[in-house]
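Letters A, B, ... are given to chains in the order of the sequence lines, protein chains preceding strands, and every chain is numbered from 1.
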Number of protein chains: 2
Amino acid sequence: MDRRQRKTRDAIFRAFTGLLSQKEFHRITVGEIIERADIGRATFYAHFETKDDLLNDLCEELFCHIVDTEQSTEPQHHHIFEGDCSESAFLHLFEHLQNNDHNLVSLLSSYNNELFMRYFKNHLEQMVSQHRSLFASRKSDTVPDDFWIHHITSTLSDTILWWIHNGMKEPPKIITGYFFSVL
Amino acid sequence: MDRRQRKTRDAIFRAFTGLLSQKEFHRITVGEIIERADIGRATFYAHFETKDDLLNDLCEELFCHIVDTEQSTEPQHHHIFEGDCSESAFLHLFEHLQNNDHNLVSLLSSYNNELFMRYFKNHLEQMVSQHRSLFASRKSDTVPDDFWIHHITSTLSDTILWWIHNGMKEPPKIITGYFFSVL
DNA sequence: TTCTATACAGAACACATCGTTCACAAACAG
DNA sequence: CTGTTTGTGAACGATGTGTTCTGTATAGAA
């Protein structure tokens, strides 16, 4: 990819995430984005069809990034964590949010938008499904499987949002404990 | 209140809820609303400052309605329900959604918006707080009170949304059962 | 380095939507 | 009937959108 393209694309993303942490998505104008990114109007539309397109691409990028770091750093932590080794995946998620992914946290804490939350929950549901066996013992026989998976995912998502909105005061280990305590 | 005011106000609400079940809030224009409500542009702005204002008022109206019917119909069901009598409040909520409140269900099932969900969750949190004692025995000592209340509320909200998005196939009693099974 | 393709700048454009204004008509209350 | 309130319809400036154009600068290949 052309170096120029990369530069402007990054500039647009930076400007956009900055604005997203300040105001709701639908209150952000293309004019603000290009002013902050210091690019021409036509340039913006050369890269993205609409504002929604930009948001889509940003989501893709953010969650690609999460998956990458999860897979690359998880093995290192496996032997450090002294509990159930499958639980470490979730502990690691909380740690990652606290230490690395300020962009993601900033988006989750501010005016969240529908599309972004959909991406987020999809990602969490994938993760929960992968570790399904971990929760099997906690499941009551009276609820169907799809409801159960949905419930775990929702609880994880709501726990993360509660944590972030309360300033992430609790250390990741404690939050992970909360999460498993209520299941 | 003037009969004319009531008529136009209702016409605006009808047009607005109809449109809300078809498309996202921020894609709805004032032009569409007044065309569907068959009123003049100036009339709309005589009743509501902005589109957001209209949404606000609609939310107020919807949740006032829920509270009214809850309080008026609950006593009749108390002696019919054979389980714990506090659980009947939640059973009743599910029944009410299935039988009476098509407007609310339609809004919850379609493109939901931030403001509307905030109202909804606030209402549920009030309800959960009122019946706090019902959940005390299920609470683990390791989680703090505020997290516990938040978790119950989220679970209730997510259960309702899951139910609606799956076509409300399960009878209210079953769903109430699911809700209490996962706590 | 030189050449060529392509990305960007900057301005102008038509278009849609917003929220306001005003003069006039219709419905209301006493 | 009479004065007041409410709705009508058209027009307005302001703001944002997405496109188009010409000229310039830069990347990457020869």
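Distance, A/R4 CZ to C/dT4 C1': 11 Å, rounded to whole Å. Taking atom CZ of A/R6 as the reference point, atom P of C/dA7 lies 13 Å away to the nearest angstrom. Summarising the geometry, the separation between CD on A/E49 and P on D/dG18 is reported as 10 Å, rounded to the nearest angstrom. B/F48 has its CZ atom 15 Å from the C1' atom of C/dG19, to the nearest Å. The distance from atom CZ of A/F44 to atom C1' of C/dC8 is 15 Å, rounded to the nearest whole Å. Between the CD1 atom of B/I34 and the P atom of C/dT17 there is a distance of 11 Å, given to the nearest Å. Distance, B/R9 CZ to D/dG7 C1': 16 Å, rounded to whole Å. Taking atom CG on B/D2 and atom P on C/dG30, their separation rounds to 11 Å, with Å as the unit.
Note on A/A46: nothing from the nucleic acid sits closer than 4.0 angstrom, heavy atoms only. A/H47 comes within 4.0 angstrom of sugar-phosphate atoms only, judged by non-hydrogen atoms across all strands, and of no base. Among the protein residues, B/T29 comes within range of the sugar-phosphate backbone only, with heavy atoms under 4.0 Å from sugar or phosphate atoms but none that close to a base.
Residue B/T8 has no polar side-chain atom (N or O) positioned under 4.0 Å from OP1 or OP2 of D/dT6. Applying the 4.0 Å criterion to OP1 and OP2 of C/dG19, one finds that B/Y45 has a side-chain N or O inside that range.
With hydrogens and angles ignored, no donor-acceptor pair under 3.5 angstrom links the side chain of A/R3 to the base of D/dT26. On a pure distance criterion of 3.5 Å, no polar donor-acceptor pair joins the side chain of B/R41 and the base of D/dG9.
With the nearest nucleotide of DNA chain D identified for both B/I39 and A/G31, B/I39 has the one nearer the 5' end. In terms of position on DNA chain C, the residue among B/A42 and A/K7 whose nearest nucleotide sits closer to the 5' end is A/K7.
A salt bridge between A/E95 and A/K173 is absent, with no side-chain N of the basic residue lying under 4.0 Å from a carboxylate O of the acidic one. Residues A/D145 and A/R132 are not paired through a salt bridge, judged by the lack of any N-O separation under 4.0 Å between the basic side chain and the carboxylate.
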Check step by step if ring-ring contact (aromatic ring centres under 6.0 Å, His included) holds for A/Y178 and A/F90. CA-CA 12 Å; A/Y178 288 178; A/F90 294 93; over 10 Å; no

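Among A/I152, A/I160, A/I174, the one residue that satisfies the side chain to side chain contact (heavy atoms under 4.5 Å, CB included) test with A/F179 is A/I152.
Heavy atoms of other residues, nucleotides or ligands lying less than 6.0 angstrom from CD of A/Q5 number more than 12.
When the nucleotides D/dG7, D/dT20, C/dC18 are ranked by their closest atom to the side chain of B/V30, C/dC18 comes out on top.
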